[in-house]
Amino acid sequence: MPQKSKYSDAQFDQLTQDLIAVLEKHQAGRDLSLMALGNLVTNVFNHQVAPQNRQAMAEQFSQILLKSIDTNQAAHKE
């Protein structure tokens, strides 16, 4: 069963588009984009998540990330 988010699709989509636009504005390639987004995620964990919850939430985030990526090697060749 899909989860109901407290955020609207429009709000989520706009934030996502803004983040992508910033990466494109700076012509950030894959490595720089991943480094910057990784630092952003770390900042969120360190400043918005209680210390006792960080490990479990980071593990959950990692699991969701792994499930969300396209692992079909034929779909995207580099």
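All figures in this text were calculated on a predicted structure; none of them were measured in a lab.
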Notebook entry, point to check: Partners of A50 by side chain to side chain contact (heavy atoms under 4.5 Å, CB included), sequence neighbours excluded?
Noted result: Q52, N53
Note to self: Please list all pairs meeting side-chain hydrogen bond (donor to acceptor under 3.5 Å, both in side chains) that have one or both residues in residues 57-69, counting only residues at least two apart or in different chains.
What the structure shows: Q55-E59
Checklist line | Remaining members of hydrophobic cluster (4.5 Å side-chain criterion), F61 | finding: V41, F45, V49, M57
Margin query: Which residues pass the side chain to side chain contact (heavy atoms under 4.5 Å, CB included) test with I20, not counting sequence neighbours?
Written below: T16, E24
Notebook entry, point to check: At what distance, to the nearest 0.5 angstrom, does OG1 of T42 lie from CG of N46?
Noted result: 6.5 Å
Notebook entry, point to check: Quick one: CG on L66 to OG1 on T71, what's the gap to the nearest 0.5 Å?
Noted result: 10.0 Å
Margin query: Checking L23 now: which residues fulfil side chain to side chain contact (heavy atoms under 4.5 Å, CB included) with it, not counting sequence neighbours?
Written below: A28, S33, L37
Item checked: Listed partners of Q14 passing side chain to side chain donor-acceptor pair (under 3.5 Å), at least two apart -> D18
